Amino acid sequence: MHRSFLTLALASATITPAFAQADMIGSGISPSAAAHSQTRPINFATTAPTSGALVILMRNAALPVNIVDAATTQALNAAIASAKFEGKEGSSLSLRGIGGYARIVLSGVGAEGDRITHIRNASGKAAQDLRDEAQQVTITGGLNQDEAAAAALGYAMGQYRFDRYKTVDRKAPPTNAVTIISSDAGSAEALWMSRHAALAEGVALSRDLATEPANVIYPETFVERVRAAFGNTANVKIEVLDEPMMRKLAMGSLVGVGQGSRRPSRLMIVEYRGAGDGPPLAMVGKGITFDTGGISLKPGAGMWEMKADMSGAANIMGALLSLAKSKAPVNVIGVAALSENMPGSNAQRPGDVVRTMSGKTIEILNTDAEGRLVLADANEYIVANKKPGALINMATLTGSIVAALNDEYAGLFSRDDRLAAAIAAAGTATGEEVWRMPLHKNYLDDMKSDIADIKNVVEGGGPGAGLGATFVGFFVDKNVPWAHLDIAGVNWADKSGPVTPKGASGWGVQLLDTLARNWR
Ligand code: BES
Ligand code: MN
Ligand code: ZN
């Protein structure tokens, strides 16, 4: 190659300092250092402007009083009658050319069910529907402070986008402000600033981590990203174990999963203490930054989705960020068990036996059942070193849970009814719902290995999600209240939901945030 051409090519490429090293892996060209396009800033006010795009949240067919002037009210009532709009939850009516408004959207929240959730959802849907609306956006509907803060949260989650890698035809959507109207605008804004904004930030962190491709997010860069998100947030301590440290601790199960990859494994531990010395609630997440299946290689179709196989860990870090940034009065530990599952020349093989930190041995009959392997050591480490009051696992663990529950529920497995009930309640409150699944004692007998203590799969089928959960539970001290959430069906939205634009959902950030605040 011509020397001058080489120089030119190098000069025009983006080489980030972290890549520009002798031990560089891959092309060394980062896809982009650009940020995502701007979203709308969120404001609060007591009265709505008389122009722009107006979203009116409706319980039924009756317009909330004193929202718009008399002439506009009359025109809207005529439209409501003509369209037979009843304000049913999830319904909407989009109108143009009324009064001074460019657009008025009547959005149903219904009169039944959880009003806060319905308002959050209607606002999230409005954020998506009005994405390309050039005008300023106003959301109104007789909202009190909690409802207004929920509308802000919904809007923030609904307007999430991931477009930093688009360089051609990147349409910068309008960034005029969205204003939420409430007679308690001041306290609504205070609530938003002190709590919900941090939750939205946690959800966005989780979605970013899961959406980023695996050439960008691998164990080391996951750690970097999460560190950067926390910055110097008060009362947060971050510890990271690298491979030599984990080998020294005899974490053969976790390190074994990553041994086929050039990207070394990590165990990231984020501890937030907002409530003194009490025992923390520990949340340990599966952080497989890419799951090829390893030597038990997955088929090619859809394999790209396995870039999000670290969603459990990402959601946990999102929840920790929310709790820490909102100064919640809780003690929590978030853990990311980070590996890349690759079929390299040093990869573990089907039939290999590994020893965990606990001393227990595992016969690996399928290298694609790797999530349970990283969780085994991570759980052991946390129980031994952090003495948690309860332990929750979150993992995209099995295809089996997708077959059972699809994207409506995460599977909940627990040995502790009180913890299970608290998780179910947090799920209902946040709209991130769970369905309890069984942990029959015979499942463990089915997992007995001929040559080790336990095998990681039962060949020839069986209740896959339950067997996976049983395996994980085998490595948790029976005296620690424990639950496991299998999120393989809910971590990715194949189609947009009210607060989840198509793509990584961040499912569980809200649930864990609520659970931590309510758990004692
Ligand atoms: N990450 C997958 C599970 C998964 C499947 C997540 C589909 C999201 C969508 C996990 O590591 C896996 O490969 N599980 C295997 C286990 C089997 C080998 C016992 C599965 O479910 O097929
Ligand atoms: Mn797998
Ligand atoms: Zn996996």
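Predicted model only: the values in this text are computed from it and were never measured. Just follow the structure's listing: the first ligand is 1, and inside any ligand the first atom is 1.
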| Taking the six-membered ring of W507 as reference, does the NZ or CZ atom of R207 fall below 6.0 Å from its centre and within a 45° cone about the axis? | no
| message | Only to 10 degrees, please: what angle do the OE2 atom of E370 and the NZ atom of K286 make about the Zn ion (ligand 3)? | response | 90°
| field | The single option from R195, R517, H196 passing side chain to side chain donor-acceptor pair (under 3.5 Å) against S326 | value | R517
| query | Does K286 approach ligand 1 within less than 4.0 angstrom via side chain, backbone, both or neither, non-hydrogen atoms only? | reply | side chain
| query | Could you state the interatomic distance from CG (N215) to OG (S30), rounded to the nearest 0.5 Å? | reply | 9.5 Å
| query | Under a heavy-atom criterion of less than 4.0 Å, does L467 contact ligand 1? | reply | no
| message | Tell me whether T514 contacts the main-chain N or O of Q510 through its side chain, where contact means a donor paired with an acceptor under 3.5 Å. | response | yes
| query | Who's the nearest protein heavy-atom neighbour of atom 9 (C) of ligand 1, and how far? | reply | M306 CE, 3.6 Å
| query | With the Zn ion (ligand 3) as the point of reference, which N/O/S atom of D309 is the closest? | reply | OD2
| Taking the inter-plane angle between the rings of F475 and F471 on a 0 to 90° scale, is it parallel (under 30°), tilted (30 to 60°) or perpendicular (over 60°)? | tilted
| task | Taking the Zn ion (ligand 3) as the reference point, name the nearest N/O/S atom of D291. | result | OD2
| said: When you measure from the side chain of S261 to the backbone of G258, do you find a donor-acceptor pair of N or O atoms at a distance under 3.5 Å? | reply: no
| field | atom 18 (C) of ligand 1: the protein heavy-atom neighbour that sits closest, reported with distance to 0.1 Å | value | N366 ND2, 3.5 Å
| query | Do any N or O atoms from the side chain of N406 and from the backbone of E408 form a donor-acceptor pair under 3.5 angstrom? | reply | no
| task | Identify, for atom 15 (C) of ligand 1, the protein heavy atom at the shortest distance, and state residue, atom and that distance. | result | D368 O, 4.1 Å
| message | Within the 3.5 Å criterion, strictly below it, is a donor on Q128 or R161 matched to an acceptor on the partner's side chain? | response | no
| field | For A488, atoms of ligand 1 separated by under 4.0 Å from a heavy atom | value | 6 (C), 8 (C)
| What atoms in ligand 1 come closer than 4.0 Å to a heavy atom of T396? | 1 (N), 2 (C), 3 (C), 6 (C)
| request: Considering heavy atoms of the protein only, find what lies nearest to atom 14 (N) of ligand 1 and give residue, atom and distance to 0.1 Å. | output: L397 O, 3.4 Å
| request: For ligand 1, find out whether one of its N or O atoms is nearer than 3.5 Å to an N or O atom of D291. | output: yes
| Is a side-chain N or O of S123 found less than 3.5 angstrom from the main chain of I119, in a donor-acceptor match? | no
| task | Provide the closest heavy-atom pair for P219 versus R263 in the form atom of the first, atom of the second, distance. | result | CD-CB, 4.2 Å
| query | Quick one: does G399 get an N or O within less than 3.5 Å of an N or O on ligand 1? | reply | yes
| Would you find a donor on one side and an acceptor on the other, under 3.5 Å apart, between the side chain of R273 and the backbone of V330? | no
| said: Students often mix this up, so state it plainly: with edges at 30° and 60°, are the rings of H484 and F413 parallel, tilted or perpendicular? | reply: parallel
| Going by the atom numbers of ligand 1, which of them fall below 4.0 Å from some non-hydrogen atom of V457? | 19 (C)
| remark: The residue among V499, I42, L130 that forms side chain to side chain contact (heavy atoms under 4.5 Å, CB included) with Q159 is I42
| task | Pull out every atom of ligand 1 sitting under 4.0 Å from any heavy atom of E370, numbered as shown with elements. | result | 11 (O)
| message | When you measure from the heavy atoms of E305 to every atom of ligand 1, does any distance fall below 4.0 Å? | response | no
| query | Would you say R372 has any N or O atom under 3.5 Å from an N or O of ligand 1, going by distance alone? | reply | no
| query | Could an N or O of ligand 1 be found under 3.5 Å from any N or O of D309, whether backbone or side chain? | reply | yes
| Separation between CE of M268 and CD1 of I316, rounded to the nearest 0.5 Å | 12.5 Å
| request: Please confirm whether the backbone N or O of V284 pairs with a side-chain atom of N393, one donor and one acceptor, at under 3.5 Å? | output: yes
| request: With 2.8 Å as the limit, jot down which protein N, O or S atoms are around the Mn ion (ligand 2). | output: D291 OD2, D368 O, D368 OD1, E370 OE1
